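Keep in mind it's a predicted model, so treat the numbers as computed, not measured.
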Amino acid sequence: MYVDLRVDQIMPNPDQPRKFFDEDAHRELTESIKENGLLQPVVVRVVDGEEVPHMIVAGERRWRACQAAGQVSVPARILEDVDEEKAFVLSISENVNRADMTIMEEAGAYADLVALGWKSEAVAKTFGKTKTHIDWRLGLLTLRPEVAEWVNEGKIKPNLSWHIAQLSPANQMVAATRYLRGDFDSEADATNFAQGLRMAESQTSLVSQKEPTSEEAEKRQKAKAKTTDKLGRVEEVVMPLLEELTKSKPEELADILGADLGRYVRQIDRLASQVTLARRILRQANGIAEARKVAWESAVAEVEEGKGKAEKEAKSGAAQAEPVAETKTPAKPIAKKPAPKPAAPRVRAGTVAKAPRRKVSAQKAEPKAEAVESEAAVEK
């Protein structure tokens with residue numbers, strides 16, 4: 001059913017898969033509506049028990065532009081007997097193939113359907129995608145928020161972003177920042193680097209690996225010399241021949257080679273195919289080598305940090321284990337006990353106890369003697 005609804009009788013869907021609306025595109029659509037009106041109606045459904053009776057199923061960007069253009073009402077198509085899940089599927093269907101829907105919004109929409117019990121095959125069939133496409137989009141949901149934002153902004157392409165999503169959070173930042181910094185010649189080189197990091201992560205420990213034996217080291221050295229010799233001959237022999245060939249004019253080669261040209265063209269085609277394959281393999285190997293170097297440096301840094309913490313803890317433990325010198329408080333002086341009083345002399349029965357003689361000091365006895373002498377002198 002098609003009707004004209006007031007813009008204030010329509011509310012946006014809070015579960016709208018699209019969260020990002022380009023401002024420039026919004027302004028362009030607003031100016032177009034001011035000039036020509038809204039040509040494509042919005043799609044809504046009736047919601048019961050709400051102050052605003054209609055919710056958008058498809059066309060939120062158009063509804064927003066109508067508000068900005070000062071439109072009082074908008075043409076709308078009202079869907080009947082549509083529940084929330086069906087409305088959500090219709091909303092995804094309208095937006096999934098739009099260029100301005102980010103791949104993280106697309107991934108989030110698929111994830112919501114999977115959370116409702118949908119299988120990847122059913123999601124792919126509903127929206128005309130392959131199962132691989134759905135699985136790759138779902139795989140992006142493990143990206144760190146910062147990296148996911150760069151993907152949303154288009155700074156990192158979908159293929160590379162999926163390979164980055166397979167890494168640990170720390171290595172995601174390593175791969176993404178190096179790519180944005182321009183450390184790689186191409187997106188393919190960045191992908192090879194991410195794959196190399198993934199291979200390094202699958203190893204239990206890089207630092208604990210045993211050094212190769214003398215036989216293994218000699219074998220590796222011979223293999224390196226052999227490979228280096230082959231690549232050197234390509235540069236010394238093949239490159240000069242090709243450079244000389246490219247300097248020739250087509251008409252001159254036609255006169256010189258004549259009917260044999262077809263055979264040489266097929267040879268060059270095979271050579272080009274092998275060169276392309278060798279180039280891809282060498283770039284992959286280079287990515288793996290760089291990733292191993294980064295992983296090794298990171299592992300060594302972790303070990304050094306662990307050693308530093310262990311030494312710090314050991315020193316702290318040793319300091320706590322040392323006996324603390326006790327400050328002895330001076331002992332209180334022991335009070336001397338008073339001397340025991342002499343025991344009273346025993347008195348036999350029937351006798352009178354004599355009073356004890358008082359000891360007189362010499363100083364006090366001398367005056368008494370002088371007094372006796374003076375009395376004697378008087379008597380004479």
Side-chain angles (χ1 to χ4, degrees), residues 97-99 103 124 128-137 139-140 150-151 154-167 175-176 178-200 202 212 215-294:
N97 291 317
R98 291 183 179 273
I103 62 174
K129 306 292 183 181
T130 64
K131 181 180 180 299
T132 301
H133 177 90
I134 302 300
D135 291 339
W136 274 56
R137 287 293 186 268
L140 298 177
W150 293 331
V151 174
K155 294 179 180 179
I156 302 177
K157 299 296 191 299
N159 182 65
L160 174 58
S161 62
W162 184 87
H163 287 285
I164 292 177
Q166 311 310 305
L167 303 174
R178 287 196 59 174
Y179 174 72
L180 296 179
R181 198 169 57 202
D183 290 355
F184 307 105
D185 294 334
S186 65
E187 182 182 343
D189 288 345
T191 300
N192 293 331
F193 177 76
Q195 290 175 335
L197 285 178
R198 180 61 179 155
M199 292 174 62
S202 64
E215 294 180 358
E216 292 173 342
E218 184 180 357
K219 185 176 180 181
R220 291 182 185 179
Q221 190 65 30
K222 288 181 179 180
K224 179 179 180 180
K226 184 177 180 181
T227 305
T228 303
D229 180 64
K230 290 179 179 179
L231 292 174
R233 279 186 287 171
V234 169
E235 185 175 5
E236 294 174 1
V237 179
V238 179
M239 287 297 295
L241 291 176
L242 293 177
E243 290 174 356
E244 184 178 353
L245 182 62
T246 55
K247 295 177 182 179
S248 304
K249 294 181 179 180
E251 54 272 20
E252 292 178 353
L253 291 175
D255 293 337
I256 296 171
L257 298 176
D260 294 331
L261 271 172
R263 178 162 58 90
Y264 292 118
V265 168
R266 289 189 293 271
Q267 289 179 355
I268 291 296
D269 287 342
R270 287 196 299 270
L271 177 61
S273 176
Q274 293 299 314
V275 168
T276 300
L277 179 60
R279 179 176 178 271
R280 184 168 70 248
I281 292 174
L282 286 173
R283 284 186 173 275
Q284 290 175 347
N286 185 60
I288 293 172
E290 290 187 8
R292 284 178 178 174
K293 179 182 177 182
V294 171

**Report entry** With Arg279 via side-chain contact (heavy atoms from CB on, under 4.5 Å) - residues at least two apart
**Finding:** Arg283
Query - Spatial distance of atom CG (Leu253) from atom CG (Asp260) [nearest 0.5 Å] - result: 12.0 Å
**Report entry** Smallest separation among heavy atoms of Ala254 and Leu261, with atom names
**Finding:** CA-CD1, 3.7 Å
**Report entry** Val234 and Val275: CA distance, side-chain angles, deciding distance, side chain to side chain contact (heavy atoms under 4.5 Å, CB included) verdict
**Finding:** CA-CA 10 Å; Val234 169; Val275 168; over 6 Å; no
Report task. Check the pair Arg178 / Val294 against side chain to side chain contact (heavy atoms under 4.5 Å, CB included), numbers first and verdict last. Result -> CA-CA 11 Å; Arg178 287 196 59 174; Val294 171; 3.6 Å; yes
Query raised in the report: Does Ala188 offer a backbone N or O that forms a donor-acceptor pair with the side chain of Asn192 under 3.5 Å?
Result: yes
Query raised in the report: Relative to the ring of His163, is the ring of Trp136 parallel (under 30°), tilted (30 to 60°) or perpendicular (over 60°)?
Result: perpendicular
Query raised in the report: Just wondering, are more than 12 heavy atoms of other shown residues or ligands nearer than 6.0 Å to CD in Glu215?
Result: no
Requested in this report: Quick one: do Lys222 and Glu218 satisfy salt bridge (Lys or Arg N to Asp or Glu O under 4.0 Å)? Show the steps, please.
Outcome: CA-CA 6 Å; Lys222 288 181 179 180; Glu218 184 180 357; 3.7 Å; yes
Requested in this report: Take Leu242 and Leu271 through the side chain to side chain contact (heavy atoms under 4.5 Å, CB included) test and state the conclusion after the steps.
Outcome: CA-CA 11 Å; Leu242 293 177; Leu271 177 61; 4.2 Å; yes
Query raised in the report: Got a donor-acceptor contact below 3.5 angstrom from the Gln166 side chain to the Trp162 backbone?
Result: yes
Requested in this report: State, to 0.1 Å, how close Ala194 and Leu167 come at their nearest heavy-atom pair, and which atoms those are.
Outcome: O-CD2, 3.4 Å
Requested in this report: List the atom of Tyr179, the atom of Ala190, and the distance in Å for their closest heavy-atom pair.
Outcome: CD1-CB, 3.5 Å
**Report entry** Exercise: identify the closest heavy-atom pair between Pro240 and Glu235
**Finding:** CD-O, 3.4 Å
**Report entry** Exercise: identify the closest heavy-atom pair between Phe184 and Glu290
**Finding:** CE2-OE1, 4.0 Å
Query raised in the report: Checking side chain to side chain contact (heavy atoms under 4.5 Å, CB included) for the pair Thr191/Asn159: CA distance, chi angles, key distance, verdict?
Result: CA-CA 8 Å; Thr191 300; Asn159 182 65; 3.9 Å; yes
Report task. Indicate yes or no: at least one non-hydrogen side-chain atom of Ile103 is less than 4.5 angstrom from one of Ser161. Result -> yes
Query raised in the report: Got Leu282 and Asn286 here, is their nearest side-chain heavy-atom distance under 4.5 Å?
Result: no
**Report entry** Euclidean distance, Arg137 CZ relative to Ile134 CD1, rounded to 0.5 Å
**Finding:** 8.5 Å
Requested in this report: Any side-chain hydrogen bond (donor to acceptor under 3.5 Å, both in side chains) involving residues 262-278? Give me the pairs, sequence neighbours left out, ordered by first then second residue.
Outcome: none
**Report entry** Residue pairs passing the side-chain hydrogen bond (donor to acceptor under 3.5 Å, both in side chains) test where at least one lies in residues 250-259, sequence neighbours excluded
**Finding:** none
Query raised in the report: Do you know which two heavy atoms are closest between Pro158 and Leu140, and how far apart they sit?
Result: O-CD2, 4.5 Å
